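Working notes for the structure below.
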Amino acid sequence: MSRVELRSFGWRHAGRRAWAVRDVDLTIEHGERVLLLGPSGAGKSTLLAALAGLLPDDSGEQAGQALIDGVDPRAARNRAASDAWPSGRGEPGPGVGIVFQDPQTQLVMARSGDDVAFGLENRGVPARDIWPRVSDALDRVGFPYPITRSTAALSGGEAQRLALAGVLALRPTLLLLDEPTANLDPAGAELVREAIVRSRDEATLIVVEHRVAEALPLVDRVVVLEPGGGIRADGAPEVVFAAYGDRLAADGVWVPGFAIPPLKAATPATGELIRAEEVTVGQRLRAPVTMAVGAGEVLAVTGPNGTGKSTLALVLGGLLAPGGGAVTAFGDPRPPHKWKAATLTQRIGSVFQNPEHQFVTARVADELAVGPRRLGRSAAAVQETVDQLLERLRLTKLAQANPYTLSGGEARRLSVATALATAPRLLVLDEPTFGQDRRTWIELVTLLATLRDDGHAVVAVTHDDDFVQTLADRTLPLGSPKLNDPLPRRRRQ
């Protein structure tokens with residue numbers, strides 16, 4: 001197991017005035033299990049990336065030191081990558097494994113089994129040991145498909161399990177997890193937590209997780225980052241929450257026991273905005289879906305990973321044609337996927353599961369201006385819309401930042417803001433609360449409640465039970481996923 005030491009560590013992304021994280025002094029001893037907390041944008045993901053050696057010198061400015069077993073993580077990573085390990089003589093020793101907020105960014109192979117095997121092959125693990133370790137890792141995370149399953153066909157939650165399997169197969173001495181259960185259904189999240197529990201005696205663990213209550217059984221220490229720099233609290237979970245609970249909750253940390261009042265609609269929905277009749281989409285959405293949403297309501301689409309929730313969201317958003325069945329909306333005889341872009345933008349706003357997939361500019365402010373400009377609004381009207389959304393979603397200080405340098409929570413708020421910029425009557429949101437701290441979660445949910453009460457409709461794909469209990473007026477549960485490939489995963493195909 002590895003020892004981690006941070007000495008006045010800080011990092012500022014290239015082109016940014018503010019430091020992502022600063023003045024962090026922290027020591028994590030061999031085998032400790034740490035929950036890293038802090039408001040959205042406090043630098044948690046940046047700190048994990050630094051410990052994984054993934055912040056090269058030309059991508060920003062570093063202050064202080066980050067050390068793993070006394071070695072700079074970047075030097076250790078480069079050394080491990082260049083070492084040759086003859087077959088049959090074992091594999092490299094201490095190593096770092098990281099699972100990112102967006103697991104799609106670390107899937108590199110076309111087939112699931114090959115993706116898990118990729119790291120083992122690059123580490124020089126003997127060929128006879130690779131596939132048993134692949135199978136073991138997939139079983140540990142509850143991956144439901146054979147090794148031949150296409151990585152492109154995985155849902156966000158399934159990709160998250162696969163990425164974790166690829167890391168666990170390497171048996172790292174330092175395990176870094178960034179929101180490891182955020183996109184998982186409850187059953188899948190429990191399997192992942194069990195896999196982490198089984199691995200915590202093999203590696204030092206640092207986990208970032210906004211949902212504190214679920215993460216507490218995994219750890220024995222809590223460290224809270226101060227947004228302005230440094231560490232606010234450090235100690236046993238019960239000690240930290242007893243001493244700082246009220247202040248942490250006010251600043252956005254998900255402290256257990258702090259309830260959120262419901263924001264249900266006061267009046268019934270009126271006027272149907274969109275209807276789907278017996279909709280299917282090939283292998284991605286097999287079971288026919290029939291549903292309708294009216295003005296003034298929030299519909300939560302729930303269900304296990306792999307049941308087609310994100311696919312349904314794309315169909316409702318007019319971004320994907322249904323394979324079977326029909327979608328009608330806004331009294332238009334044409335289905336949404338055949339509308340002109342300007343018509344679709346005015347009527348329906350979509351937020352993808354991966355926010356980066358919808359960013360098209362190099363500045364946050366420009367991103368918010370794209371939709372209004374496309375609709376031909378005046379420069380003054382565009383600027384007013386941009387300023388209002390920046391302020392409302394706590395993005396004002398990031399107006400000049402590159403969207404791809406934002407934290408996961410900030411990127412999610414930006415993606416929601418881009419959907420709101422054209423004031424559509426219908427919002428189709430895929431995991432809208434992913435990566436949010438308690439404060440920004442409340443502000444985002446309150447914003448959606450206000451829009452609903454003003455006569456907009458919201459369809460939200462979500463695994464967030466708090467979102468469902470607080471905001472949803474109705475739920476649409478999709479059924480269990482069906483396997484598309486009967487081949488056993490324990491054989492390499």
Side-chain angles (χ1 to χ4, degrees), residues 48 52 54 91-92 95-209 214-215 218 304-306 353-354 463 481 483-485 487-493:
L48 293 192
L54 298 176
E91 58 190 273
V96 179
I98 184 170
V99 177
F100 304 136
Q101 269 187 332
D102 178 5
Q104 298 283 358
T105 60
Q106 64 192 101
L107 302 184
V108 295
M109 303 296 286
R111 302 195 311 176
S112 296
D114 293 339
D115 199 85
V116 178
F118 179 81
L120 296 170
E121 291 170 345
N122 277 274
R123 289 284 296 274
V125 174
R128 65 178 179 272
D129 296 332
I130 289 178
W131 290 97
R133 283 172 64 166
V134 168
S135 180
D136 175 67
L138 291 172
D139 286 340
R140 291 172 75 176
V141 301
F143 189 72
Y145 300 111
I147 60 173
T148 53
R149 179 72 169 182
S150 168
T151 54
L154 300 178
S155 70
E158 292 165 346
Q160 207 157 15
R161 289 197 221 177
L162 184 64
L164 179 59
V167 169
L168 294 180
L170 292 169
R171 298 173 184 171
T173 56
L174 174 61
L175 182 58
L176 308 172
L177 304 177
D178 199 349
E179 301 275 359
T181 63
N183 289 324
L184 296 177
D185 58 63
E190 182 59 30
L191 285 171
V192 166
R193 284 192 290 268
E194 290 175 359
I196 296 171
V197 168
R198 289 195 295 270
S199 303
R200 65 185 185 180
D201 292 333
E202 304 166 6
T204 303
L205 172 67
I206 304 176
V207 58
V208 170
E209 183 66 84
E214 288 82 0
L218 306 178
N305 294 119
Q353 189 175 57
N354 298 316
H463 290 298
L483 301 187
N484 300 322
D485 188 343
L487 295 173
R489 66 165 171 265
R490 288 184 173 81
R491 296 201 313 271
R492 185 174 185 176
Q493 302 297 322

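Bear in mind the structure is a predicted one, so any value in this text is a computation, not a measurement. Count residues from 1 along the sequence.
Across all their heavy atoms, Leu205 and Leu218 have their closest contact at CD2-O, 3.8 Å. The heavy-atom pair separating Ala163 from Val99 by the smallest distance is O-CG2, 4.1 Å. Taking all atoms of both residues into account, the shortest heavy-atom contact from Ala117 to Ile130 is CB-CG2, 3.8 Å. Taking both residues in full, the closest heavy atoms of Ala165 and Ala137 are given as O-CB, 3.3 Å, listed atom of the first, atom of the second, then distance. The minimum heavy-atom distance linking Pro172 with Ala203 is given by the pair O-CB, 3.1 Å. Val208 approaches Pro180 most closely through the heavy-atom pair O-CD, 3.6 Å.
Distance alone, capped at 3.5 Å, is enough to place a donor-acceptor pair between the Gln160 side chain and the Glu179 backbone. Under the 3.5 Å distance criterion, the side-chain polar atoms of Asp136 are left unmatched by any main-chain donor or acceptor of Pro132. In terms of modelled atom types and a separation under 3.5 Å, the side chain of Thr173 and the main chain of Gly95 share a donor-acceptor contact. A donor-acceptor pair under 3.5 Å links the side-chain atoms of Arg161 to the main chain of Gly142, judged by distance alone.
Expressed to the nearest 0.5 Å, how far CG of Leu164 lies from CD1 of Ile98 amounts to 12.0 Å. Here the CD1-CG distance, from Ile147 to Leu162, works out to 11.5 Å after rounding to the nearest 0.5 Å. Atoms CG and CG, from Asp129 and Leu120 in turn, are 9.0 Å apart once rounded to the nearest 0.5 Å. The OH atom of Tyr145 sits 9.5 Å away from atom OG of Ser112, with the distance rounded to the nearest 0.5 Å. Ile196 CD1 to Leu168 CG: the interatomic distance, rounded to the nearest 0.5 Å, is 7.5 Å. Between the CG atom of Leu176 and the CZ atom of Phe100 there is a distance of 9.5 Å, given to the nearest 0.5 Å.
For Glu194, the side chain to side chain contact (heavy atoms under 4.5 Å, CB included) partners two or more places apart in sequence, or in a different chain, are Glu190, Leu191, Arg198. Take Asp115 and apply the side chain to side chain donor-acceptor pair (under 3.5 Å) test, not counting sequence neighbours, and it matches no residue. Scanning for side chain to side chain contact (heavy atoms under 4.5 Å, CB included) contacts around Ala215 gives Leu35, Glu209, with sequence neighbours left out. In this structure, Thr204 has no side chain to side chain donor-acceptor pair (under 3.5 Å) partners at least two apart in sequence or on a different chain. For Gln353, there are no side chain to side chain donor-acceptor pair (under 3.5 Å) partners at least two apart in sequence or on another chain. Applying the side chain to side chain contact (heavy atoms under 4.5 Å, CB included) test to Ala153 and every residue at least two apart in sequence or in another chain returns Arg149, Ser150.
Residue His463 is tested with Asp185, Asn305, Thr181 for a side chain to side chain donor-acceptor pair (under 3.5 Å); the sole match is Asn305.
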